[in-house]
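Just so it is clear: chains get the letters A, B, ... in the order the sequence lines come, proteins before strands, and each one is counted from 1.
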Protein chains: 2
Amino acid sequence: MDYQSFCQQYQPSKKELFTQFYRFFKDKFSVKNERIAVEKLATIIEATFKLSANQSFANMSLRQLSKESGLSMGGLYAYIQNKQQLSLFIHEFLSYFVIKTINQVTKNKGCNNLECIIKTHIYLSELLQPWFFFAFMESKNLSRDEIKAAIQSDLLMESKLIEVIKRGQQEEIYSTILKAETVASLTKPLLSEWYLKRWKYKKRGMSIDQYCLAVMIFIERGLTSPHSLSEFENNEKP
Amino acid sequence: MDYQSFCQQYQPSKKELFTQFYRFFKDKFSVKNERIAVEKLATIIEATFKLSANQSFANMSLRQLSKESGLSMGGLYAYIQNKQQLSLFIHEFLSYFVIKTINQVTKNKGCNNLECIIKTHIYLSELLQPWFFFAFMESKNLSRDEIKAAIQSDLLMESKLIEVIKRGQQEEIYSTILKAETVASLTKPLLSEWYLKRWKYKKRGMSIDQYCLAVMIFIERGLTSPHSLSEFENNEKP
DNA sequence: TAAAAAATCGAGCGTTCGCTCTATATTGAC
DNA sequence: GTCAATATAGAGCGAACGCTCGATTTTTTA
């Protein structure tokens, strides 16, 4: 699986994505016409990402959002009940979408391994980079109840990682020197790195598949040269 | 070097820390009495960390800060010229302090290696956890000019990492399968992980030195079991 | 201990915020 | 083309914001 083939199977068009978004929260919107709502929601959400990236969601005013999205204040409030809900919608839909896709992918034959899960996450975070970035940066503004729904996808990701690592350890493909939970915890920030510092890797000319390969090599092999591995075993093993 | 010995050498008392802070920005404060200023600055900064952690700096009002720190609005403004400057001071002082300490540590004999640099960063981020957390989460609110000063410590850290990795590669201790720059970039989020998700590791009962060890093992050895390394070499090497 | 200097107080200023509500414009069924 | 139904506009509301400044308290000086 590479990024291109992933996209062919799982990349929704903008229209498809926001149609799903609209239907997910359908009863919360006062706008009943799906065609209109989907189009307006797309501009609202995208304007939110743009403004939040430059400042932060808290510093973004609804007047700015109104101007950026081309809707009036009243028009805006046909789609959100309050500012906080806008942030909540983004978190909840992303979580739903990530879970859905991960479950789809891992159901495929030969796709329930470390490489596949890691690639799925990185590819997804590329398709929905503004969503992932927003969710990471603004997660603090959620109340305790709201967080529970929002981190479901995080928990699923972590449990999937632990599962495949444990299996690898049982099959003696993977070392047991670190607990699977520890490896999973250390792996997650390598996934976030891609969507948090995306500009950095673009600037360096590193493609997403090169990044995935680097992460896989890093996770599986580490830094140590095969030449010096035996020495290392003697010196550093606790 | 372990955390305890690091603390003995480099941990400043609260008073020492904020005395340095006061002197670093001395001419910006209207309060001339160092003893008074140091004490008040400590309460202001700590209140800022507390409130920003629960909401965000943008959502924190100066009335909240006034209440939390026990100073009046006017009292507060003897120490800051405006809200934005408070955030800027925190960023700038942290960057200064980190650079100072890293340079101190790496000057020591036998301390210019990967383990030492990584430990220094993780230990520092433990001593100054609220500072690191704040700087990471609120970096977006800085203007372009302000960012330049704030990320100096980040750039220093990255260049130190690259330096020692390159040296390790020349000495054939480290594999050259990944570029030093790539390894350094993937290492950094493992350092941030400790201060961003500190509660998680505390809850698990993982000590800071256990975390450091896990990171070192992860970086140097990766996941692959020595048993399967030779197979892996044949299958996965690009 | 009295006067000068320094530090703090907090009501109040102008502004902007999130949000509402009525008037208007747009849409779709017939 | 007409008329309900639906969707959008934007001035206006009270509240909260960042910040100021003369009054007051605390500290230092002599």
Discussion item. Under a 3.5 Å cutoff, is there a donor and acceptor pairing between the side chains of B/Gln84 and B/Glu146?
Written reply: yes

Worksheet item: Does any donor atom in the side chain of B/Tyr211 or B/Glu193 lie under 3.5 Å from an acceptor atom in the other side chain?
Response: no

Worksheet item: Salt bridge or not for A/Arg204 and B/Glu181, using N-O below 4.0 Å?
Response: no

Fill in: For A/Ala58, side chain to side chain contact (heavy atoms under 4.5 Å, CB included) partners two or more places apart
A/Ser56, B/Ser56, B/Ala58, B/Asn59

Practice prompt. Please find out if less than 6.0 Å separates the ring center of A/Phe93 from that of A/Tyr96.
Written response: yes

Worksheet item: Near DNA chain D, which residues from residues 16-54 of chain A have a heavy atom under 4.0 Å away?
Response: A/Ser30, A/Val31, A/Lys32, A/Asn33, A/Ile36, A/Lys40

Worksheet item: Which residues within residues 76-86 of chain B lie with some heavy atom under 4.0 Å of an atom in DNA chain D?
Response: B/Tyr77, B/Asn82, B/Lys83

Discussion item. Using salt bridge (Lys or Arg N to Asp or Glu O under 4.0 Å), reason through B/Glu126 and B/Lys202 one step at a time and then give a plain yes or no.
Written reply: CA-CA 12 Å; B/Glu126 174 78 2; B/Lys202 294 280 146 153; 3.3 Å; yes

Worksheet item: Just how far, in rounded Å, is P of C/dT26 from CG of A/Leu71?
Response: 14 Å

Does [X] have any salt bridge (Lys or Arg N to Asp or Glu O under 4.0 Å) partners at least two apart in sequence or in another chain, and if so, which?
| X | result |
| --- | --- |
| A/Glu39 | none |
| A/Glu92 | none |
| B/Asp154 | B/Lys188 |
| B/Lys200 | A/Glu158 |

Discussion item. Please list all pairs meeting ring pair (Phe, Tyr, Trp, His ring centres under 6.0 Å) that have one or both residues in residues 27-85 of chain A, counting only residues at least two apart or in different chains.
Written reply: A/Tyr22-A/Phe29, A/Phe29-A/Phe89, A/Phe49-A/Trp131, A/Phe49-A/Phe134, A/Phe57-A/Phe134

Atom pairs under 3.5 Å, N or O on each side, protein against nucleotides 11-16 of chain C: can you list them with distances?
unit_1 : atom_1 : unit_2  : atom_2 : d
C/dG12 : O6     : B/Arg63 : NH2    : 3.3

Fill in: Residue A/Lys140 excluded, over 12 heavy atoms near NZ under 6.0 Å
yes

Worksheet item: What class does the angle between the rings of B/Tyr195 and B/Phe132 fall in, given that below 30° is parallel, 30 to 60° is tilted and above 60° is perpendicular?
Response: tilted

Item to complete: State the CG-CD1 distance between B/Leu65 and B/Ile80, to the nearest 0.5 angstrom.
Response: 7.0 Å

Discussion item. Looking at B/Ser72, I'd like to know whether one of its side-chain N or O atoms comes within less than 4.0 Å of OP1 or OP2 on C/dG10.
Written reply: no

Worksheet item: For A/Gly70 and B/Gly75, take the nucleotide of DNA chain D holding the closest heavy atom to each; which residue's nucleotide lies nearer the 5' end?
Response: A/Gly70

Practice prompt. Under 4.0 Å from any heavy atom of chain A: name the first and the last nucleotide of DNA chain D that qualifies, 5' to 3'.
Written response: D/dA7 to D/dG12

Discussion item. What residues from residues 140-147 of chain B pass a heavy-atom cutoff of under 4.0 Å to DNA chain C?
Written reply: none

Worksheet entry | Partners passing side chain to side chain donor-acceptor pair (under 3.5 Å) against A/Asn54 (at least two apart in sequence or in another chain) | none

